[in-house]
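All of these numbers come straight from a predicted model, not from anything done at the bench.
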Amino acid sequence: MATERYNPRDAEQRWQQEWEKNNVYKTDNDDPREKYYVLEMFPYPSGRIHMGHVRNYAMGDVVARFKRARGYNVLHPMGWDAFGMPAENAAMERGVHPAAWTYQNIAAMKAQLKVMGLSLDWSREFATCDVEYYQRQQHLFLDFLEKGLVYRKQSKVNWDPVDHTVLANEQVIDGRGWRSGALVEQRELTQWFFRITDFSQDLLDSLDTLDQWPEKVRLMQRNWIGRSEGLTVRWEIAEGSQKTAEREITVYTTRPDTLFGASFLAIAADHPLARELSAGNETSAAFCDECRRAGTSLAALETAEKKGIDTGVRVKHPLDASWELPVYIANFVLMDYGTGAIFGCPSGDQRDLDFARKYDLPVVPVVMPKDGDAATFTVENEAYIGDGVMINSRFLDGLSTEEAFERVAATLEKTLIGNQPQAERKVNFRLRDWGISRQRYWGCPIPVIHCEDCGIVPVPKKDLPVKLPDDVTFDKPGNPLDRHPTWRHVACPHCGKDARRETDTMDTFVDSSWYFARFTAPWEDNPTDPKAANHWLPVDQYIGGIEHAILHLLYSRFFTRAMKAAGHVALDEPFKGLFTQGMVVHETYSRGEGAQREWITPAEIRIDEIDGKRRAVHIETEEPITIGSIEKMSKSKKNVVDPDDIIGSYGADTARFFVLSDSPPDRDVIWSEAGVEGSHRFVQRTWRLISEAAPALRQAEAKPAKSGNALEISQAAHRTLKAVGADYEKLAFNKAVARLYELVNALAAPLTEVAGGKADAATVSAAKDAVVILINMFAPMMPHLAEECWREIGGEGLIAKGAWPSFDADLVAENEITLPVQINGKKRADLTIARDADQTAVQSAVLALEAVQAVLNGQNPKKIIVVPQRIVNVVV
RNA sequence: GCCCCAUUGGCGGAACUGGUAGACGCGCUCGACUCAAAAUCGAGUUCCGAAAGGAGUGCUGGUUCGAUUCCGGCAUGGGGCACCA
């Protein structure tokens, strides 16, 4: 009777070869069945996959296999997000060419993914650094340029004055360059931009149609796009104040109702007026420089202490010309948003209030809560930002905030200064155009040529691709394309004169903004084959980390619209269903500080617990290591766990099953191996139960029992089948796992009986039916074990090509239900009663219960609440 | 700083649309098998309490017959903030 333990090392390889031999996962674009496109966000080829990848791809694979079993023609491709900074860093640190480094990493990671047994169509694989891919991206860029979706403008970068290099925000640590340690400056460069703001309103409105996206992602995008309705208001500069060439300052405000609470104007350091004043004033120039040094990131800007300086310029209040207000240059005002100038109403905005207190500016409350008292309402250290009733606001007093908004808007629209209205209604978006220029080598070259006579000349499509030169060096700082001896020299396609290539490459977000479309016909000479793209798109189920909730997804949505404008696809929204899986997070470990800080992988350290305190030491050197915060697994922080150990000891199925168990897939998990033994036990237990019963099962016909002893077996199997199918549809893998455990627990005794030859024919048939269902249910999660079990019980063909079984409705229905009985909201008893019993029957049955009688003590209950099919609550 | 999310036993978590809190797994305890161990099987396992019973879903206040679930405030942790991908 004893069978051998399941050996994943042997079985997994065998079945992977079998699938490959049969081309099971190769997708035919002309297959007539209904399509289903499932896609996981493709990985950056950092070198090794980590548990976060395993989790992501295991989920996608369950969906792919499940949908295949449900009869769909499934597209499930894989590729590589292969351009980006780490390859250049490796080149600088180790002298490897970025291409060599990247392709080696891809080979290593592909091997790891292969071991996982994913049902991917590898024939469609590509890397974004393949010339064949980025050539089509250049084609798209030229099309967008032609459609007016691309332009150039001045924009700021982090400049390292020692390394002569543009730094990413990530590379700026406490205002200094990560390698040189030099204070980072901001430099203005002319850079390329995509006009994503052309689509602001549409990108916002269409969020409502994405009903298969998580609400939180839609909300984040809505806030990011940041539509606001407000007023631009012109403030005249008062005579007799600081001299300036300007006559007025235009301010954007969403709160014109609070105009009578204004106590200052604040302008950005890059505002034309600030620049003008700085030219002749050292203090103001120094302050503006300081603001610019703060870094390009919004987070850095907003966490910095709020500061400003008085320019000496005074402006006239738009509703009272005799009222003059000071104009400050302030570090919290952004030139990119609105008009680069605001009016500060300290009582209605916390930031303005802090600023006013700091510089001793008046604070006049102008809005109070509806039920407030105007005589006593004051604002001290907390601004009142809500809606309410206007006070201290002259002709607005007593109005609601909305009414006041309208009155001010109507008044100022009619007031003319120099024949122009003083104010105009304006819809404003927080969303900015997408800067795609990168001063780096390892990216897609922007296919443009600069000619002294002809200006900017697009590279003709017939001259594509603009290939990256291979012979580059990274021993010197700066962009290798810039200092390449020949690459940038080229004849102008227009006039033939000597000209130079654009040396900026594209942001890697561009690469990932259309790869999903390329997968539909990766062999096509044009960027897409519109027929294939329109057949497969939108992606039915897109799965990836929540960290991409805004940028990647928004850029892809824009790109799809731009591609539509250029005729490459016929749709707006690329992703119909989105699932944001939680991240696999882990503690970080490091030694050294600041720019010297060096990250250490978990594999290199040991955790000791001394007096209840956790301490980390380096295994090799025994030196103490700093335990840092818990963060998403990333190559840069090295807090990654390689799945090879787990797959090596337990097999891919156990690893897949384990990462799908327990945690809800959209929740972050702190990585821990505790519990992997349980998953492995389940694999072995399932194999043992099935293989021991297999000789008997092979002979039997699968037939659910409708009555008798075996009924329970069939009910358990069919109820689980219904529930697991629903779980897979919702991507609730952890729940499916729990149900499978329950079913196997329930089948253990009958299968042992069958194996021992002690079961009657009806039981053997019901057991066979249950086992067939069981194997099909765990097949999407543990495909190798499923094939092995399937063959063992004499199944025909491959489970990977099999159809999802259907459940028997009679077996799923419940005739009797057990109602919990509460007394005053606390459960005191159970009542088992026919499912269709009516309210009165339930009530009298409840009153007859001993527990209820005891509490009632002969009296009548105050109230009995019967929630059909759910619960009874007796109120005493 | 701003936007979004999470918080339930020793641990991961379950609880459908407001209706039995703790399914399932891990760990632990006890038992069976064994010369012994591993593997396996069985029983128990929120906390307090001998028990009866009581308390309990980060904290706090509210709505409700009834709140892990809805609303207000707070705390802690995580993600994003436009050049990490």
Undergrad: I want to check one thing: is the phosphate of B:G25, taken as OP1 and OP2, less than 4.0 Å away from some side-chain N or O of A:Asn745?
TA: yes

Undergrad: Closest-nucleotide mapping onto RNA chain B: is A:Tyr44 or A:Leu551 further toward the 5' terminus? I mean the 5' end.
TA: A:Leu551

Undergrad: Check this for me: does any side-chain nitrogen of one of A:Arg55 and A:Glu40 sit under 4.0 Å from a carboxylate oxygen of the other?
TA: no

Undergrad: What pair of heavy atoms forms the shortest contact from A:Arg440 to A:Leu481, and how long is it?
TA: O-CD1, 4.0 Å

Undergrad: Can a salt bridge be assigned to the pair A:Glu742 and A:Arg739 using a cut-off of 4.0 Å between side-chain N and carboxylate O?
TA: no

Undergrad: Considering only the C1' atoms, how many Å lie between B:C70 and B:G53, rounded to the nearest integer?
TA: 31 Å

Undergrad: Whom does B:U57 pair with, Watson-Crick or G-U wobble, provided both distances fall under 3.5 Å?
TA: none

Undergrad: Please identify which of these residues, A:Phe778, A:Phe682, A:Tyr650, meets the ring pair (Phe, Tyr, Trp, His ring centres under 6.0 Å) condition with A:Phe657.
TA: A:Phe682

Undergrad: Counting side-chain heavy atoms from CB outward, which of B:C5, B:G19, B:C84 is closest to A:Met85?
TA: B:C84

Undergrad: Looking only at side-chain atoms of A:Ile550, point me to the closest of B:G80, B:C3, B:C83.
TA: B:G80

Undergrad: Hey, is the side chain of A:Glu547 pairing donor to acceptor with the base of B:G79 inside 3.5 Å?
TA: no

Undergrad: I want to verify a distance call: between B:G78, B:C83, B:A82, whose nearest atom is closest to the A:Val157 side chain?
TA: B:C83

Undergrad: Checking side-chain hydrogen bond (donor to acceptor under 3.5 Å, both in side chains) for the pair A:Asn479/A:Gln439: CA distance, chi angles, key distance, verdict?
TA: CA-CA 6 Å; A:Asn479 183 355; A:Gln439 294 69 39; over 6 Å; no

Undergrad: Searching all strands shown, indicate the nucleotide that pairs with B:G1 (Watson-Crick or G-U wobble; both distances under 3.5 Å).
TA: B:C81

Undergrad: From the options B:A82, B:G19, B:C84, select the nucleotide whose nearest atom is closest to the side chain of A:Ile871.
TA: B:G19

Undergrad: Pick base, sugar-phosphate or nothing for A:Gly435, based on heavy-atom distances below 4.0 Å to the nucleic acid.
TA: sugar-phosphate

Undergrad: Classify A:Ile630 by what it touches in the nucleic acid, base, sugar-phosphate, or nothing, heavy-atom distance under 4.0 Å.
TA: sugar-phosphate

Undergrad: Would you indicate what A:Ala299 reaches in the nucleic acid, counting non-hydrogen atoms under 4.0 angstrom: base, sugar-phosphate, or nothing?
TA: base

Undergrad: So A:Gln350, base contact, sugar-phosphate only, or nothing? Heavy-atom distance under 4.0 Å.
TA: nothing

Undergrad: Write down the distance separating the C1' atoms in B:U8 and B:C3, rounded off to the nearest Å.
TA: 27 Å

Undergrad: Starting at CD of A:Gln684 and ending at P of B:G25, how long is that distance when rounded to a whole Å?
TA: 17 Å

Undergrad: Check every atom of B:A23, B:C2, B:A82 against the side chain of A:Leu298 and return the nucleotide holding the closest atom.
TA: B:A82

Undergrad: Tell me whether A:Arg292 is salt-bridged to A:Glu188, with the criterion being a basic N under 4.0 Å from an acidic carboxylate O.
TA: no

Undergrad: What's A:Arg351 touching, base or sugar-phosphate or nothing? Going by heavy atoms closer than 4.0 Å.
TA: nothing

Undergrad: If I take atom CZ in residue A:Phe509 and atom P in nucleotide B:G80, what distance separates them, rounded to the nearest angstrom?
TA: 10 Å

Undergrad: Base of B:G54 relative to its sugar, syn (within 90° of 0) or anti?
TA: anti

Undergrad: A:Ile670 has an atom CD1; how far is it from atom P of B:G79, in whole Å?
TA: 11 Å

Undergrad: Rounding to a whole Å, what distance do you find between A:Lys306:NZ and B:G1:P?
TA: 9 Å

Undergrad: Would you give a per-nucleotide map of nucleotides 66-75 of chain B, 5' to 3', where B means the base has a protein non-hydrogen atom under 4.0 Å away, S means only the sugar-phosphate does, and - means neither?
TA: ----------

Undergrad: Where the side chain of A:Glu742 is defined as all heavy atoms beyond and including C-beta, which of B:A23, B:A85, B:C83 is the nearest nucleotide?
TA: B:A23

Undergrad: Could you tell me if A:Lys306 sits above the aromatic ring of A:Phe355, with its cationic atom closer than 6.0 Å to the ring centre and no more than 45 degrees from the axis?
TA: no

Undergrad: Please determine whether side-chain hydrogen bond (donor to acceptor under 3.5 Å, both in side chains) holds for the pair A:Gln191 and A:Asp504, giving the CA-CA distance in whole Å, both sets of side-chain angles, and the decisive distance to 0.1 Å.
TA: CA-CA 8 Å; A:Gln191 309 204 66; A:Asp504 282 355; over 6 Å; no

Undergrad: Touch check for A:Val585, heavy atoms < 4.0 angstrom, all strands: base, sugar-phosphate only, or nothing?
TA: nothing

Undergrad: From the options B:G1, B:A82, B:C41, select the nucleotide whose nearest atom is closest to the side chain of A:Tyr555.
TA: B:A82

Undergrad: Decide yes or no for A:Trp514 and A:Tyr133: does some side-chain heavy atom of the first lie under 4.5 Å from some side-chain heavy atom of the second?
TA: yes

Undergrad: Would you mind telling me which residue lines up with the more 5' stretch of RNA chain B, A:Gln171 or A:Met583, judged by nearest nucleotide?
TA: A:Met583

Undergrad: Return the value, rounded to whole Å, for the distance between atom CG of A:Asp511 and atom P of B:C83.
TA: 14 Å

Undergrad: Per the atom types in the model, does the base of B:C26 pair as donor or acceptor with the side chain of A:Glu677 at under 3.5 Å?
TA: no

Undergrad: Which is true for A:Gln191 with a 4.0 Å heavy-atom rule: it touches a base, it touches only sugar-phosphate, or it touches nothing?
TA: base

Undergrad: Taking only side-chain N and O atoms of A:Arg688, does any of them lie within less than 4.0 angstrom of OP1 or OP2 on B:C41?
TA: yes

Undergrad: In whole angstrom, what separates A:Arg438's CZ from B:A82's C1'?
TA: 9 Å

Undergrad: Kindly say if A:Arg218 contacts the phosphate of B:C3, meaning a side-chain N or O under 4.0 Å from OP1 or OP2.
TA: no

Undergrad: Expressed in angstrom and rounded to an integer, what is the separation of A:Tyr337 atom OH from B:G1 atom P?
TA: 20 Å

Undergrad: Please determine whether a side-chain nitrogen or oxygen atom of A:Arg685 lies at a distance below 4.0 Å from atom OP1 or OP2 of B:C41.
TA: yes

Undergrad: Side chain of A:Val166 only, please: which of B:C83, B:U20, B:C3 is the nearest?
TA: B:C83

Undergrad: Of the options B:C81, B:G78, B:C2, whose atoms approach the side-chain atoms of A:Ser629 most closely?
TA: B:G78

Undergrad: Using the P atoms only, state how far B:U45 lies from B:U60, rounded to an integer number of Å.
TA: 29 Å

Undergrad: Expressed in angstrom and rounded to an integer, what is the separation of A:Phe658 atom CZ from B:C26 atom P?
TA: 11 Å

Undergrad: Regarding A:Arg438 and A:Glu88, does a basic nitrogen lie under 4.0 Å from an acidic carboxylate oxygen?
TA: no

Undergrad: Parallel under 30°, tilted from 30 to 60°, perpendicular over 60°: which one fits the rings of A:His552 and A:Tyr515?
TA: tilted

Undergrad: Working to the nearest 0.5 Å, report the span between OG1 of A:Thr720 and CG of A:Leu740.
TA: 7.5 Å

Undergrad: Give me the distance, rounded to whole Å, that separates B:A32 from B:G22 when you measure between the P atoms they each carry.
TA: 31 Å

Undergrad: For B:G18 versus B:A6, give the span between their P atoms, rounded off to a whole number of Å.
TA: 14 Å

Undergrad: Which whole number of Å gives the distance between the C1' atom of B:U69 and that of B:A85?
TA: 36 Å

Undergrad: Along nucleotides 10-17 of chain B, 5' to 3', which nucleotides get a B, which get an S, and which get a -, given that the test is a protein heavy-atom distance under 4.0 Å?
TA: --BSSSBB

Undergrad: Any side-chain N or O of A:Ser297 below 4.0 angstrom from OP1/OP2 of B:C81?
TA: no

Undergrad: I'd like to know if A:Asp433 pairs up with A:Lys153 as an ion pair, taking the criterion as any Lys NZ or Arg NE/NH1/NH2 lying under 4.0 Å from an Asp or Glu carboxylate oxygen.
TA: no

Undergrad: Step through the shown structure and confirm whether more than 12 heavy atoms of other residues, nucleotides or ligands are within 6.0 Å of CD on A:Glu93.
TA: yes

Undergrad: On a whole-Å scale, what distance lies between the P atoms belonging to B:G49 and B:G44?
TA: 22 Å

